[in-house]
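Here's the structure, in structure tokens; my notes come after.
Everything numeric in this text was worked out from a predicted model, so none of it was measured. Note that these values count all heavy atoms, side chains included, but never hydrogens, waters or copies made by symmetry. In what follows, chains are A, B, ... by sequence order, proteins preceding strands, each numbered from 1.
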There are 2 protein chains.
Amino acid sequence: MPGPRRGTADGPCPIGRTADILGDRWALLIMRNATVGMTRFDEFKAELDIADNVLSGRLRQLVESGLLTRIPYRPEGGGRTRDEYRLTQAGEDLLPLLHAMMVWGNAHSESASPTRPMRLVHSTCGESFEPGRRCPRCRRRVPRSETAWIRPWRSDLAQVLGAAAAP
Amino acid sequence: MPGPRRGTADGPCPIGRTADILGDRWALLIMRNATVGMTRFDEFKAELDIADNVLSGRLRQLVESGLLTRIPYRPEGGGRTRDEYRLTQAGEDLLPLLHAMMVWGNAHSESASPTRPMRLVHSTCGESFEPGRRCPRCRRRVPRSETAWIRPWRSDLAQVLGAAAAP
DNA sequence: TCGTAGGCTTGCGTTAAGCAAGTCTGGAGG
DNA sequence: CCTCCAGACTTGCTTAACGCAAGCCTACGA
């Protein structure tokens, strides 16, 4: 933002410090998509409809903030090696925050084309759960690999975490 | 932001809709302070170190989004009647989101002057709790009136919700 | 009636977003 | 070995929004 931004990046309040990193629409949307399995520059660009200079800048900030890391990969169709952006532990730990955003959004905002609400479910049993709590059906802790976002407005089935797909 | 902002305010994803409202540093900080009991324009201005035109704009947006309402009050020291900004139900329901931000910030960011971490406690028994869950000591649901934020970096005791004080 | 104070608006310079075009790099193919 | 190619990233331009500062506007008190 204009003017010498007087940030609170190292202030005493943890909410203020978090707001300094995530108090940005694009940062939140990128981390949302990364959390559902998205990793590549052109995927983010196409899905978010974001200008590539802005995307490039945000990804760099998120890497600097320690939420993402760059890892080389070789595209399946051939081509030069490129980097993909994967969640760090700090990035994975955003799950409760994104879940809270989902719950609030389900309750207090409305879609132009209503569907059944988005849910976070335990992929091995299909039951809704809350991050940090045990699955109410299995009574087990839900590892990240068994986490799925149900997005009823999407017709495809690429909703399980790990299948790169966009909300 | 520049250019005709292509928002997702009514998109199908509730996280995207929430990001449209709260994907802004000032919006998050204002709602944080409102949640700990702050209500008045000059309080926000002084505590957040925000320009008054920006504060005015953000408060208007938050009222339009249904997170705050304006309520007239008469200043104790005399003076004309003014409006204060109080949380609506939607605003109060941000508690889990702010709590998740607190937890993440405690874990993954660092203060320039470290203290014991911020906590959300049940004010009648002093036990930490998570929004939506019962108090682990009392086994009772924690109403908003019994909610307190412990902010160890503040020496004063105005930490109980309802006493207008800033993080 | 006038002074005052706080909330809000306006104007100016600066930063960053959105857009579009260009650059840079390394693998593939000739 | 050289060239082509595709995609990530950079640069330049226009415009919106921030930070700052000054001014306005309005009830209440004197």
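- As a whole-Å value, the separation of A:Glu84 CD from D:dC9 P is 12 Å.
- Distance CG (B:Asp24) to P (C:dA17): 12 Å, rounded to an integer number of Å.
- Annotation: side-chain hydrogen bond (donor to acceptor under 3.5 Å, both in side chains) contacts of A:Gln89 (sequence neighbours excluded): A:Asp93.
- Salt bridge annotation for B:Arg17-A:Glu110: absent, with no cationic side-chain nitrogen under 4.0 angstrom from a carboxylate oxygen.
- Atom CZ of A:Arg74 is separated from atom C1' of C:dA28 by 12 Å (rounded to the nearest Å).
- No more than 12 heavy-atom neighbours from other residues, nucleotides or ligands sit within 6.0 angstrom of CZ on B:Arg86.
- Set against D:dA21, D:dA8, C:dC8, the side chain of B:Asn53 has D:dA21 as its closest nucleotide.
- Residue A:Trp26 places no side-chain N or O under 4.0 Å from the OP1 or OP2 atom of C:dA16.
- If you take CG of A:Leu48 and P of D:dA8, they are 14 Å apart, rounded to a whole angstrom.
- Going from atom CZ of A:Arg25 over to atom P of D:dA16 covers 17 Å, rounded to whole Å.
- In the model, B:Arg74 has no side-chain atom that pairs as donor or acceptor with a side-chain atom of B:Thr81 under 3.5 Å.
- In this structure, A:Lys45 places its NZ atom 15 Å from C1' of C:dA17, rounding to the nearest Å.
- In terms of phosphate contacts, A:Arg80 brings no side-chain nitrogen or oxygen within less than 4.0 Å of OP1 or OP2 of D:dC4.
- Nearest nucleotide to the B:Arg82 side chain, out of C:dG7, C:dC19, C:dT25: C:dG7.
- For the segment residues 54-62 of chain A, residues with any heavy atom less than 4.0 angstrom from an atom of DNA chain D are, sorted by number, A:Ser56, A:Arg60.
- Look at A:Arg25 and B:Asp24 and you find no salt bridge, because none of the NZ, NE, NH1 or NH2 atoms lies under 4.0 Å from a carboxylate O.
- Between B:Ile30 atom CD1 and C:dG7 atom P the separation is 14 Å, expressed in whole Å.
- Here A:Asp52 lies in heavy-atom contact (under 4.0 Å) with a base.
- Using a 4.0 Å heavy-atom cutoff across all strands shown, B:Arg40 reaches no nucleic acid atom at all.
- Mapping A:Thr81 and B:Asp83 onto DNA chain C by nearest heavy atom places B:Asp83 closer to the 5' end of the strand.
- Between A:Arg70 and A:Glu84 there is no salt bridge, since none of the side-chain N atoms of the basic residue sits less than 4.0 Å from a carboxylate O of the acidic one.
- Nucleic acid contact class of B:Phe44 (heavy atoms, under 4.0 Å, all strands): none.
- Here B:Glu127 pairs with B:Arg137 under the salt bridge (Lys or Arg N to Asp or Glu O under 4.0 Å) rule; sequence neighbours left out.
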